[in-house]
J.: 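Let me give you the structure first, and then I'll get to my questions.
We count residues from 1, following the sequence as given. Treat the numbers as computed from the prediction; the structure is a model and nothing was measured. Note that ligands are numbered from 1 as they come in the structure, with each ligand's atoms numbered from 1 the same way. Just the heavy atoms: all of them, side chains too, but no hydrogens, waters or symmetry mates, feed the values below.
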Amino acid sequence: MHHFSDRLNAAIRSKKTPALVGLDPRFDWLPEEIVSAAEAKHSSKAEIVAAAFEEFCFRMIDVVAPLVPAVKPQAAFFEEWGPAGCLALQRVIKRAREAGLVVICDAKRGDIGSTAEAYARAYLAGADPESAIWAADCLTVNPYLGSDTLQPFVKVAVERGAGIYVLVRTSNPGAGTFQDRKTDGHTLYECVAAVVNDLALNTTGNGHYGAIGAVVGATYPEELTQLRELMPHTPLLVPGYGSQGAGAGDVAGAFDAEGLGAIINSSRGINFAIRKEPYFEKFAPEEWEQAVEAATHDMIADLAEHTPAGKLQ
Ligand SMILES: O=c1ccn([C@@H]2O[C@H](COP(=O)(O)O)[C@@H](O)[C@H]2O)c(=O)[nH]1
C-alpha cells in the first residue's frame with residue numbers, strides 16, 4: 001500500500017485514533033537527566049542541544065508509537081541549531097518511521113516551481129525511506145507563491161507515495177489578516193481550499209482521500225467545519241488542540257461520518273505534559289515519560305468521547 005492517505009488511514013484505523021503527536025523539543029524545558037547526559041558528551045552548545053533533542057524525541061517516540069498513528073516533528077526547533085540540529089531531525093524522522101509511525105515533517109516549504117521540487121525531493125520519501133535525506137511520509141507546504149508552485153510537491157509526492165499538507169486556514173490569532181481577505185465574494189482561504197481539493201481529487205488512491213491535504217486550525221471551529229464540507233477529498237491536519245486553547249468539541253467538524261478525514265495535533269501539551277496539571281501533581285519530574293503517556297491517553301479518550309473519531313474505537 002503506497003498511497004499516502006491509504007497508509008495514514010490504515011494507521012488511524014489500527015491505532016483507533018486520529019491523535020497526532022507533535023515533536024517540538026525546547027531546550028529550556030527538557031528533562032534534567034537528558035540535558036546533563038548531552039553536556040557530558042559534547043562541548044559546543046549546538047551539539048549539546050541537538051544530542052538532547054535527539055534523545056528526548058527518541059524517548060517520546062518509544063512512548064507514543066504504540067498509541068498513535070503519526071508524529072509531526074517541527075523542523076524549526078531543529079534547524080535553529082544548524083547542521084547538528086538538522087542531523088538530529090533526520091535521525092528522529094528515521095527512528096519514528098522505524099517505530100511504524102507515519103511522519104509528517106512540519107517545515108512549511110514553498111518556492112518557485114523548480115526550487116519547490118528540490119524541497120520536495122529533500123523531504124518526501126513516502127513509501128521508500130531511502131529516497132530522501134529527511135525521509136518523511138509527508139511535508140507541510142506554504143501555497144502563497146501560487147498553485148503552480150504546488151505542482152512539484154504533488155508530482156514528487158505521487159511518485160514516491162508521499163503526501164503534503166497545504167496551509168489553508170492556520171491556527172494563529174492573526175490567521176485572518178490575509179486568509180480572510182475577500183475577492184469576488186470568496187475569502188483567500190476558500191480559494192486555496194478549492195485548489196487543494198482539486199489536487200486531492202486528482203490524487204486519490206484506493207480510498208476517498210487524496211495525497212494532498214490541508215492544514216486547518218482547531219482554533220477556528222466554524223471554518224474547520226466549513227472546510228471539511230468544501231474539501232471532501234482532502235485529509236486535514238488540525239493543529240491548535242491543547243496549548244492553543246482548542247478542545248475536542250472544536251475539532252468535531254473536521255471528521256467525516258466514519259470518523260476519518262482528519263488528524264488532530266498536540267505538541268507542547270504532550271511533550272511537556274509534566275509541566276502542567278494534572279500531570280505536574282501526579283508525577284515526579286523524572287517520571288516525564290509517564291506524564292507523556294498519560295496525556296496521550298487523555299487526548300485519545302477526549303477525541304473518542306467528543307468527536308466522530310469515537311467510531312474508530
Ligand atoms: O496553523 C498552524 C500550522 C502549524 N502549527 C504547528 O503545530 C504545532 C502546534 O503546537 P502546540 O504546542 O500543540 O500548540 C507547532 O509545531 C506549530 O508550528 C500550528 O500550530 N498552526
J.: Can a salt bridge be assigned to the pair Glu289 and Arg59 using a cut-off of 4.0 Å between side-chain N and carboxylate O?
T.: yes
J.: Per the ring pair (Phe, Tyr, Trp, His ring centres under 6.0 Å) rule, what does the pair list look like for residues 294-313, sequence neighbours excluded?
T.: none
J.: Which side-chain N or O atoms in residues 40-54 pair as donor and acceptor under 3.5 Å with protein atoms at least two apart or in another chain?
T.:
| residue | atom | partner | partner atom | Å |
| --- | --- | --- | --- | --- |
| Ser44 | OG | Glu47 | N | 3.1 |
| Glu54 | OE1 | Arg91 | NH1 | 3.2 |

J.: Any link between Met60 and Val63 through a network of hydrophobic side chains (Ile, Leu, Val, Met, Phe, Trp, Tyr) touching at under 4.5 Å?
T.: yes
J.: Taking only residues two or more places apart in sequence, or in another chain, which ones meet Glu80 in a side-chain contact (heavy atoms from CB on, under 4.5 Å)?
T.: none
J.: Are Thr140 and Asp106 linked by a side-chain donor-acceptor pair shorter than 3.5 Å?
T.: yes
J.: Present, as a list of atom pairs with distances to 0.1 Å, all nitrogen or oxygen contacts under 3.5 Å between ligand 1 and the protein.
T.:
| residue | atom | partner | partner atom | Å |
| --- | --- | --- | --- | --- |
| ligand 1 | 1 (O) | Ser171 | N | 2.8 |
| ligand 1 | 7 (O) | Lys72 | NZ | 3.2 |
| ligand 1 | 10 (O) | Ser267 | OG | 3.3 |
| ligand 1 | 12 (O) | Arg268 | N | 2.8 |
| ligand 1 | 12 (O) | Arg268 | NE | 2.7 |
| ligand 1 | 13 (O) | Ser267 | N | 2.9 |
| ligand 1 | 14 (O) | Gln244 | NE2 | 2.8 |
| ligand 1 | 14 (O) | Arg268 | NH2 | 2.8 |
| ligand 1 | 16 (O) | Asp24 | OD2 | 2.7 |
| ligand 1 | 16 (O) | Lys72 | NZ | 3.3 |
| ligand 1 | 16 (O) | Gln74 | NE2 | 3.0 |
| ligand 1 | 18 (O) | Gln74 | NE2 | 2.9 |
| ligand 1 | 20 (O) | Ser171 | OG | 3.4 |
| ligand 1 | 20 (O) | Gln244 | NE2 | 2.7 |
| ligand 1 | 21 (N) | Ser171 | OG | 2.6 |

